[in-house]
Colleague: 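Quick one: the structure is below, and I'll ask about it shortly.
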Amino acid sequence: MQPRILEVRTQILKKNDELARAMRQEFEAAGVLVLNLVSSPGTGKTSMLRETLCRLLEKGYRVAAVVGDLETDNDARRLAESGAPVRQIMTHGMCHLEADMVKKHLAEWDLNSLDFLFIENVGNLVCPTSWDLGESLRVALLSVTEGEDKPLKYPGLFNTSDVAMITKIDLADVCEFNRGKAIESIESVRPGMRIFETSVKSGLGMNEWIEFLQRARSQRLSKIELQTT
Amino acid sequence: MHELSIANTLVELVEQQLPSHSDSKVRSVRLRIGALSCVHRESLEFSFELVTEGTLLQGAYLEIESVPVTVYCPVCDAVEPLEGIQSFRCPRCQTPTADIRSGRELELHSIEVDTVPV
């Protein structure tokens with residue numbers, strides 16, 4: 001038997017990448033800004049997201065969220081308290097979300113009737129890195145209770161994110177959190193990254209965050225309009 | 001353990017490359033994996049062995065080429081390899097840069113198959 005070498009040269013996650021690309025086009029055409037929230041478990045993604053949903057709803061935006069967890073729909077129920085439509089993706093052991101899982105859970109929603117869609121990924125700082133979900137922006141969250149050097153320990157995820165957010169900033173003093181060191185760590189793995197410091201409890205930084213979302217959405221929309229005219 | 005998902009996708013992808021209705025056995029699979037792809041080599045090897053059982057890939061050797069991270073430095077106007085993935089700075093002039101040119105690969109490069117002579 002003769003061995004033969006077949007050159008393939010293709011991305012292993014090609015199927016996911018292609019689906020994500022198609023979803024991104026669909027999101028953009030519908031005028032919905034999609035955010036993929038990633039962090040380790042316990043950073044406060046769900047609390048941050050619930051507060052964000054409430055504030056955007058108050059401003060008259062149409063918002064929705066899908067949330068990934070290994071088990072339970074507890075987070076979906078917590079998020080639904082905001083009044084926004086929410087769907088839970090139970091991964092049953094899987095450590096990250098993939099584009100087809102998100103797509104399946106969006107099937108019943110009319111994207112044209114949304115302004116913002118949030119995808120809360122499974123709490124994990126490694127596995128979600130390689131899976132594009134068609135998001136407009138990836139947001140990496142880090143809480144003051146976690147240690148300032150977390151971005152250095154998980155450079156892959158922080159590096160693929162567009163925005164970083166330091167949460168629970170109201171606890172910074174109690175945790176002896178070194179703010180400068182944390183920002184330096186983020187800057188080191190992703191120079192020039194936009195960084196927010198927030199507290200859901202005290203409201204600190206929330207206005208800036210919401211304004212950023214509004215701006216990001218209108219910039220995205222005007223970019224698309226420019227492309228189509 | 002997202003390496004298990006990657007291994008599953010990989011088997012599917014390799015099987016698609018094989019001529020249909022063939023029973024060509026796969027001898028080896030060559031991958032190119034970037035240092036920023038968050039893939040743990042041993043976990044991927046372990047998962048690969050697990051998911052190839054009973055397929056045409058069973059017993060195939062998994063060859064993994066590590067791709068270093070390189071960045072473009074606007075000051076030096078050159079693509080430079082990073083010394084470590086904790087610091088995205090030009091190794092020559094220390095300018096911070098997020099312009100990554102390689103290191104995110106998760107690529108199936110080639111496969112080696114046994115072909116039955118006609």
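Chain naming here is simple, since letters A, B, ... match the order of the sequence lines and numbering starts at 1 in each. What you see is a predicted model, and the numbers here were worked out from it, not measured in a lab.
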Colleague: Identify which of A/Pro155, A/Ser130, A/Pro191 forms the greatest number of heavy-atom pairs closer than 4.5 Å to chain B.
Modeller: A/Pro191
Colleague: How many angstroms lie between OG1 in A/Thr198 and CG in A/Leu141, if you round to the nearest 0.5 Å?
Modeller: 7.0 Å
Colleague: Quick one: OG on A/Ser188 to CG on A/Asn159, what's the gap to the nearest 0.5 Å?
Modeller: 10.5 Å
Colleague: Quick one: does A/Asn124's side chain have a donor or acceptor within less than 3.5 Å of a partner on A/Val126's backbone?
Modeller: yes
Colleague: Against chain B, label A/Lys15 side chain, backbone, both or neither, depending on which of its atoms sit under 4.5 Å from a heavy atom there.
Modeller: side chain
Colleague: Do the side chain of A/Glu148 and the main chain of A/Asn178 share a donor and acceptor less than 3.5 angstrom apart?
Modeller: yes
Colleague: Got a donor-acceptor contact below 3.5 angstrom from the A/Asn121 side chain to the A/Ser39 backbone?
Modeller: no
Colleague: Chain A heavy atoms under 4.5 Å from B/Glu3: which part of the residue, side chain, backbone, both or neither?
Modeller: neither
Colleague: With the side chain counted from C-beta on, respond yes when A/Ile166 and A/Ile183 share a heavy-atom pair under 4.5 Å apart, and no when they do not.
Modeller: yes
Colleague: Heavy-atom count check: over 12 atoms from other residues, nucleotides or ligands less than 6.0 Å from A/Arg4 CZ?
Modeller: no
Colleague: Among A/Val8, A/Leu13, A/Leu157, single out the residue with the greatest number of heavy-atom pairs under 4.5 Å to chain B.
Modeller: A/Val8
Colleague: Report yes or no: does A/Arg24 contribute a side-chain atom to a donor-acceptor pair with the main-chain N or O of A/Glu135 at less than 3.5 Å?
Modeller: yes
Colleague: Counting heavy-atom pairs under 4.5 Å with chain B, which one of A/Cys127, A/Gly156, A/Gly93 comes out on top?
Modeller: A/Cys127
Colleague: Step by step, would you call A/Thr160 with A/Arg138 a side-chain hydrogen bond (donor to acceptor under 3.5 Å, both in side chains)?
Modeller: CA-CA 8 Å; A/Thr160 56; A/Arg138 186 179 286 190; 2.9 Å; yes
Colleague: Give, for atom CE of A/Met48 and atom OG1 of A/Thr52, the distance between the pair rounded to the nearest 0.5 Å.
Modeller: 5.0 Å
Colleague: When only pairs under 4.5 Å are counted, which of B/Glu105, B/Glu112, B/Lys25 shares the most heavy-atom pairs with chain A?
Modeller: B/Glu112
Colleague: For A/Asp75 and A/Gln88, test the side chains for any donor-to-acceptor distance below 3.5 angstrom and give the result as yes or no.
Modeller: no
Colleague: Could you give all pairs that pass the ring-ring contact (aromatic ring centres under 6.0 Å, His included) test and reach residues 130-164 of chain A, with sequence neighbours left out?
Modeller: A/His96-A/Trp131, A/Trp131-B/His2
Colleague: For chain B, which of A/Pro128, A/Gly192, A/Pro151, A/Cys95 has the most heavy-atom pairs under 4.5 Å?
Modeller: A/Cys95
Colleague: Taking atom CE of A/Met165 and atom CZ of A/Phe212, what is their separation to the nearest 0.5 Å?
Modeller: 9.0 Å
Colleague: Decide side chain to side chain contact (heavy atoms under 4.5 Å, CB included) for B/Ser28 and B/Ile111; before the verdict, give the C-alpha distance in whole Å, the side-chain angles of both, and the deciding distance to 0.1 Å.
Modeller: CA-CA 6 Å; B/Ser28 68; B/Ile111 55 178; over 6 Å; no
Colleague: Just by distance, with hydrogens left out, do B/Thr97 and B/Thr95 show a side-chain donor and acceptor under 3.5 Å apart?
Modeller: no
Colleague: Let's test your reading of the structure: which of A/Val189, A/Ile12, A/Leu152, A/Thr129 forms the most heavy-atom pairs below 4.5 Å with chain B?
Modeller: A/Ile12
Colleague: Would you say the side-chain atoms of A/Arg78 and A/Ser47 include a donor-acceptor pair closer than 3.5 Å?
Modeller: yes
Colleague: What do the steps show when you test B/Glu12 against B/Thr9 for side-chain hydrogen bond (donor to acceptor under 3.5 Å, both in side chains), and what is the final call?
Modeller: CA-CA 5 Å; B/Glu12 222 176 275; B/Thr9 314; 5.8 Å; no
Colleague: Would you please go through residues 64-75 of chain B and name the residues with a non-hydrogen atom below 4.5 Å from one of chain A, in numerical order?
Modeller: none
Colleague: Side chain from CB out, backbone as N, CA, C, O: work out which of these in A/Glu187 comes under 4.5 Å of a heavy atom of chain B, or both, or neither.
Modeller: neither
Colleague: Considering only heavy atoms, which portion of A/Thr10 lies under 4.5 Å from any heavy atom of chain B: side chain, backbone, both, or neither?
Modeller: both
Colleague: Give the interface residues of residues 29-59 of chain B toward chain A, defined by a heavy-atom separation under 4.5 Å.
Modeller: B/Leu31, B/Leu36, B/Ser37, B/Cys38
Colleague: Report, in residue-number order, which members of residues 78-91 of chain B are under 4.5 Å from chain A by heavy-atom distance.
Modeller: B/Ile85, B/Gln86, B/Ser87, B/Phe88
Colleague: With a 4.5 angstrom heavy-atom cut-off, could you sort out which part of A/Met94 is near chain B: side chain, backbone, both or neither?
Modeller: side chain
Colleague: Are a donor atom and an acceptor atom from the side chains of A/Ser40 and A/Lys150 found within less than 3.5 Å of each other?
Modeller: yes
Colleague: Answer with side chain, backbone, both or neither: which region of B/Leu13 has an atom nearer than 4.5 Å to a non-hydrogen atom of chain A?
Modeller: side chain
Colleague: Have A/Asp100 and A/Asn16 got a donor and an acceptor in their side chains that come within less than 3.5 Å?
Modeller: no
